[in-house]
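To keep things clear, I will list the structure first and then write my remarks on it.
Order of the sequence lines fixes the chain letters, A, B, ..., with proteins taken first and strands second; residue numbering starts at 1 for each chain. Since the structure is predicted, the reported quantities are computational estimates derived from the model, not experimental observations. These values consider heavy atoms only, across backbone and side chains, with no hydrogens, waters or symmetry-generated copies.
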2 protein chains.
Amino acid sequence: MKKHYVSAREVAERAGVSRSAVSRALTPGASISADMKARVIAAADELGYEINMLARGLLDDRSMIVSLVSASLGSPFMGMMLPAITERLIAAGYAPLLINIGTAPDIAEESLRQVVSLRSAAVVILSGSPPGTFIEATKRTGIPLIALNRDEPGLNLISADNRAAGRVAYRELAETSARICAVSPARDTFSMRARIEGFLSGAAEAGHAPPRIIRAAPPIADSGRADYAGGLALGPELIGPDGIADGLFCLNDHIAFGVIDAARRSRRAEAGRDFSVIGFDDVPMAAWEGYRLTTFRQDPHVFAEQIMSTIARCVDGEEEDVIDHLIPANLIARESVRHVG
Amino acid sequence: MKKHYVSAREVAERAGVSRSAVSRALTPGASISADMKARVIAAADELGYEINMLARGLLDDRSMIVSLVSASLGSPFMGMMLPAITERLIAAGYAPLLINIGTAPDIAEESLRQVVSLRSAAVVILSGSPPGTFIEATKRTGIPLIALNRDEPGLNLISADNRAAGRVAYRELAETSARICAVSPARDTFSMRARIEGFLSGAAEAGHAPPRIIRAAPPIADSGRADYAGGLALGPELIGPDGIADGLFCLNDHIAFGVIDAARRSRRAEAGRDFSVIGFDDVPMAAWEGYRLTTFRQDPHVFAEQIMSTIARCVDGEEEDVIDHLIPANLIARESVRHVG
DNA sequence: CTGTTAGCGCGTTCAA
DNA sequence: TTGAACGCGCTAACAG
């Protein structure tokens, strides 16, 4: 109970071979006899040996750690992405490190230190805008940087096809609604802008006047319910007899939930009957009885898949050029959009 | 652009001192003159030097990595815990590693390998039951193991006071309801059992007959909506004129949402008017207009706080004995419980 | 107070 | 094919 971790030296002694033989036995493609390889592996198994990733990483200044950066760890979108991504990373032998930059800015600095000093194999920005120091540091150290749903030149980009989704949303609403508008969250992001662009171009293609874009009021305090609260507050002026709209594209599901609840309470108006709503994200709740929300789904597994192949490309390939990949966002039709006729 | 990372050696050369002087300048409490310390730190800042945690950890077989193990990364409970815990860990200089054991069992083995081979400073089990190999490995290597809401002898335990909450739930419901029962999720856990125990003892203390405990049907496929679907399916037989209950303790919020939606649809019965419901977890949605759910809150920051102090205890202290700490679960009163009178 | 030396565990030379 | 020696970056023990 004194020495806790078993080292390659002990394996070598046990197997009666040199220490470098152990390295060779565990290195694919190293020149070693079948006999010796078997002996070493047997000894390693008996002792429960596992390579020390700290020492291994020290050699070529690269660990098997992939840092996941998020500004909104608790959001439903993260709740969908995190399981998919971590599963794939772990299966590929990577260790996912979680970086929470949602709160204080000094936290971001501290976590950047972690990322670099642990020699991350890659950094994936899942949400939010990391401080410039983050991008600068990864550039300087050569750590590959992958960003989701962002638009930063010079780094690897993976985004949902927000533009296309916006166009589909407009066309869908135009089938049954005349007074159409979009509702965006208080905080503007690249994704939101792209969705709006697509929405506007959908109107233009239909020969309609540009629809109004309404922005929710900034949240008072709790960000966990900001979007819902925004939709709830906007609902009354949007929906109903004297409301300004009967067809809504809410830029995320939570805004839609807020609008639906507000309409229900103040006007007794029901989505799918009195007006149409389309959301974005397909959070689990969108399928619930109380909402049955028609919404766009950005498949987390497709994102994860693309992240993995990008990491592989950056790590073993010597290619310097960055990728810019688009993931389809599919409309999940439920009952919050009125039927034709 | 050839050498990516700056080492202590380079800092030493820049400052015109020995390499060990650099270590001393950065080690609190080392014996070094103020003049030299200033020179070293100046050089370090200029070059952007940061300690290589891989090399540092190699020395005493311990990294600053804390592994977070979860079987349900996407659950609302995790969505609340993760931000709180990672924020505290990072602020304290630790790097949170995410281990997803929710899916395939071979993934669990692979991630265990990561945890050990990266020399984690501690392992925190947030949810789910890790395979025995996990516990065995941490014991063997001496990595401190902290488990949330579990009951495993021999490791550090932090739990919400589920028993006390169960008793409060019964007493609260008994104020206005005569036919009281509890609804548990399909999958049984330590937390759920403790809540039920407290619920039953609450009934006993009131001199009432033991309330019925209903278990939701096991989910078909998608675990993300399992609890909601369970509540939804159970709703009709529970609530209403010919239902068996008018006071429900749902062992988590999502079950409560399902029951509420079911009652609304099939009986036009409203929680807080026609019957009472109490949930557990206080997920953000519990505060929404559509539910206004009275529920128990296990404060994530209190959990995080306790995790941090336990880690500190395990790391620098030499104490071998494990802790067993209880966190209060507070009732958040909203409108899903009928008023007295 | 400072510089030199040793060694953590690993992969990879270089010689045999 | 195999073993011995080296160096990755760091801290701690030792010597001055």
Q. For the pair made of CZ in B:R19 and C1' in C:dG3, what is the distance, rounded to whole Å?
A. 11 Å
Q: Mind listing the residues from residues 50-59 of chain A sitting with a heavy atom below 4.0 Å of DNA chain D? Number order is fine.
A: A:L58, A:L59
Q: Check the distance between D:dT1's P and A:R39's CZ and give it to me in whole angstrom.
A: 15 Å
Q) Starting at CZ of A:R9 and ending at C1' of C:dG11, how long is that distance when rounded to a whole Å? A) 17 Å
Q | Results of salt bridge (charged side-chain N to carboxylate O under 4.0 Å, His left out) for A:R187 - residues two or more places apart only | A | none
Q. Who pairs with A:S23 by side-chain contact (heavy atoms from CB on, under 4.5 Å), at least two apart in sequence or on another chain?
A. none
Q: Report the residues that fulfil side-chain contact (heavy atoms from CB on, under 4.5 Å) with B:Y94, sequence neighbours left out, ordered by chain and then residue number.
A: B:M64, B:V66, B:L89, B:A92, B:A121, B:M308, B:I311, B:V315
Q.
Please give me every residue in residues 21-32 of chain A whose heavy atoms get under 4.0 Å of an atom in DNA chain C, ordered by residue number.
A. A:S23, A:R24
Q | Residue closer to the 5' end of DNA chain D, A:D61 versus B:S20 (nearest nucleotide) | A | A:D61
Q. Among all residues two or more places apart in sequence or in another chain, which pass the salt bridge (charged side-chain N to carboxylate O under 4.0 Å, His left out) test with A:R19?
A. none
Q. According to a strict under-4.0 Å criterion, is B:Y5 in side-chain N/O contact with OP1 or OP2 of D:dC10?
A. no
Q) Side chains of A:T141 and A:R119: is there a donor and an acceptor less than 3.5 Å apart? A) no
**Q.** B:E136: side-chain contact (heavy atoms from CB on, under 4.5 Å) partners, not counting sequence neighbours
**A.** B:R140
Q) Taking only residues two or more places apart in sequence, or in another chain, which ones meet A:T27 in a side-chain hydrogen bond (donor to acceptor under 3.5 Å, both in side chains)? A) none
Can you give the donor-acceptor pairs under 3.5 Å from side chains of residues 75-83 of chain A to other protein atoms, not counting sequence neighbours?
unit_1 : atom_1 : unit_2 : atom_2 : d
A:S75  : OG     : A:S72  : O      : 3.1
A:S75  : OG     : A:M78  : N      : 3.3

Q: Answer yes or no: does a side-chain N or O of B:S33 lie under 4.0 Å from OP1 or OP2 of C:dT2?
A: yes
Q.
Tell me every residue that passes side-chain hydrogen bond (donor to acceptor under 3.5 Å, both in side chains) with B:S18, counting only those two or more places apart in sequence or in another chain.
A. B:S20
Q: Can you tell me the distance, in whole Å, between the CZ atom of A:R62 and the C1' atom of C:dG11?
A: 15 Å
Q. Under a cut-off of 3.5 Å for both distances of each Watson-Crick or G-U pair, what dot-bracket string does DNA chain C give, using [ ] for crossing pairs and | for inter-strand pairs?
A. ||||||||||||||.|
Q | Whole-Å distance separating the CZ atom of A:R119 from the C1' atom of D:dG9 | A | 8 Å
Q. What side chain to side chain donor-acceptor pair (under 3.5 Å) pairs are there with at least one residue in residues 77-93 of chain A, not counting sequence neighbours?
A. A:T86-B:N100, A:R88-A:E305
Q) Which atom names give the shortest non-hydrogen contact between A:G128 and A:A71, and what distance separates them? A) CA-CB, 3.7 Å
